[in-house]
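Structure first, commentary second.
Counting convention: from 1, in listed order, for ligands and their atoms alike. Computed over heavy atoms, backbone and side chain alike; hydrogens, waters and symmetry mates excluded.
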Amino acid sequence: MILHIDMDAFFASVEQLDNPELRGRPVIVGGHSKRGVVSTASYEARKFGVHSAMPIFQAKQKCPEGIIIPPRGARYKELSIKIMAALHDFSPLVEPVSIDEAYVDISGCERIHGTPEETATRVKQKIYDTVNLNCSIGIAPTKFLAKIASDMDKPNGLTIIPPEKVTEFIDTLPVQKVPGVGKATFQQLERLGIKTLGDVQRLPKKIVMEKFGKYGKRLIELASGIDRSRVIPYSTPRSVSSEITLSENTCDKELLKKHMLNQAEEVGRELRKKGVKGKTISIKIKHADFKQVTRSVTLFQPTQSSVVIYKESSKLLDTYDINKNVRLIGVGVSGLLSVDTPVQMELFGADKKKNAGWEKVDSVVDAITEKFGKGSIKKAGITDVLK
Ligand code: TTP
Ligand code: MG
């Protein structure tokens, strides 16, 4: 079974979350300019007929009390990342499809999370606990039906199309609900007297193929409940890095290491936020003459620990003979995998034990940074604390 999760009035709900005065009021998120359009509207504003892609001036006419707010993309992205990460608690097969939408394949997870409905209820609770926002979930045996289902009971809905109900559901499903049926296809279908997917199924295949070509084949399949598309897990980023151009050129390794410690913290935090770990740690040095050097090491076990990243990059710098001024220093981690990917156990668990304490430090530092902002907590003693 597949879940399709879609956040309710996403951008507008985030604005209401961050500013309690906006709660319960018609919020319209969109460009401020005269030619701007509505990104989304809170459900309070939708009652007035305001919707995505409507010109702002028209939205104002329909809903004069609407509070217009310019979008804050970075904030929406930040919450989106947290939502997607939360979904990984339920299955490794999570496919984000847009900023506020994802598929999760929960097949085979019953023993851990219960029935599909129970799982979806838990997913809703988990998302609420993580970001304080509501979503709607559709549950079905295929992606396309799960997506349709999530839209059926918005906001804060939960709709299931169990396998035994699929045929009946498809029979009466209006074709305009089918993903891929745009205006033109819809009109063409209408001319043939086709209103539902059931009608498609009743039509001779030959006619559908003749009229709609390749899409006809897909329509025929969908009409018989077949959707071959699988939930493809999020493709992890290839690398995460941080670099800085120094305010003054230097040959001082200790000074460079201070920057690297900071960068290792940043890179580690980013990896943890993205739910990935990496095997290859690299440093990048750009000299005053712009000549660039990189050095890298591949670890036995992938990591997302700031301390490990720092230790390894610092060792790389130690082995590099700096014979001319440096203008830029950077630290990066590549060869990334999801944290859910099982890895080979270490021959001896010593390193693991040694780093376990630091993992706790990382999570506390992450929590403080999250709450009080970047730079609110930093390592003091630099190298001596890390030996
Ligand atoms: P949607 O999920 O389509 O819409 P929504 O989350 O606002 O409302 P709901 O799902 O409850 O119907 O899109 C997610 C976000 O993407 C939305 O909050 C704003 C943005 N968006 C645009 O910027 N322009 C658009 O035309 C659409 C459709 C969405
Ligand atoms: Mg949405």
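- Each of the following atoms of ligand 1 lies closer than 4.0 Å to a heavy atom of Y43: 9 (P), 11 (O), 12 (O).
- Among K154, E15, R46, the residue whose heavy atom lies nearest to atom 8 (O) of ligand 1 is R46.
- Every heavy atom of Y76 sits 4.0 Å or more from the atoms of ligand 1.
- When atom types are taken as modelled, the side chain of K253 and the backbone of Y320 share a donor-acceptor pair closer than 3.5 angstrom.
- Under the ring-ring contact (aromatic ring centres under 6.0 Å, His included) criterion, no residue pair touches residues 192-219, with sequence neighbours excluded.
- Side-chain N/O atoms of T298 and T280 include a donor and acceptor closer than 3.5 Å.
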Which is it for E266 and N262 under the side chain to side chain donor-acceptor pair (under 3.5 Å) test, yes or no, and what are the steps along the way?
CA-CA 6 Å; E266 261 184 42; N262 213 4; 5.3 Å; no
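- On a distance-only criterion, F10 and ligand 1 share at least one N/O pair closer than 3.5 Å.
- Inclusion of D151 in the set of residues having an N or O under 3.5 Å from an N or O of ligand 1 is not warranted.
- The D6 neighbourhood of ligand 1 comprises atoms 2 (O), 10 (O), with distances under 4.0 Å to a heavy atom of that residue.
- Ranking the protein heavy atoms by distance from atom 22 (C) of ligand 1 puts S39 O, 3.3 Å first.
- Residues near Y43 contribute nothing to a hydrophobic cluster around it, because no ILVMFWY side-chain heavy atom sits closer than 4.5 Å to its side chain.
- At least one N or O atom of M7, backbone or side chain, sits closer than 3.5 Å to an N or O atom of ligand 1.
- When all heavy atoms of I2 and A146 are compared, the closest pair comes out as O-CB, 3.6 Å.
- The nearest heavy-atom contact from the protein to atom 17 (C) of ligand 1 is T40 CB, 3.7 Å.
- Here the side chain of S136 pairs a donor or acceptor atom with the backbone of G157 at under 3.5 angstrom.
- The hydrophobic cluster of F290 has no other members, since no ILVMFWY side-chain heavy atom comes under 4.5 Å of it.
- Residue, atom and distance of the protein heavy atom nearest to atom 18 (O) of ligand 1 are F11 N, 3.0 Å.
- More than 12 heavy atoms of other residues, nucleotides or ligands sit less than 6.0 Å from atom NZ of K124.
- When the options D100, D8, N156 are ranked by their closest heavy atom to atom 2 (O) of ligand 1, first place goes to D100.
- Counting only distances under 2.8 Å, and ignoring water, the protein N, O or S atoms around the Mg ion (ligand 2) are D6 OD1, M7 O, D100 OD2.
- Distance alone, capped at 3.5 Å, is enough to place a donor-acceptor pair between the K143 side chain and the R230 backbone.
- The existence of a salt bridge linking R75 and E78 is confirmed by a sub-4.0 Å separation between a basic side-chain nitrogen and an acidic carboxylate oxygen.
- Pairing each heavy atom of G268 with each of S306, the nearest pair is CA-OG, 3.8 Å.
- An N or O contact shorter than 3.5 Å is missing between A12 and ligand 1 by distance.
- Of all the listed residues (S13, P155, S52), S52 holds the heavy atom that lies closest to atom 28 (C) of ligand 1.
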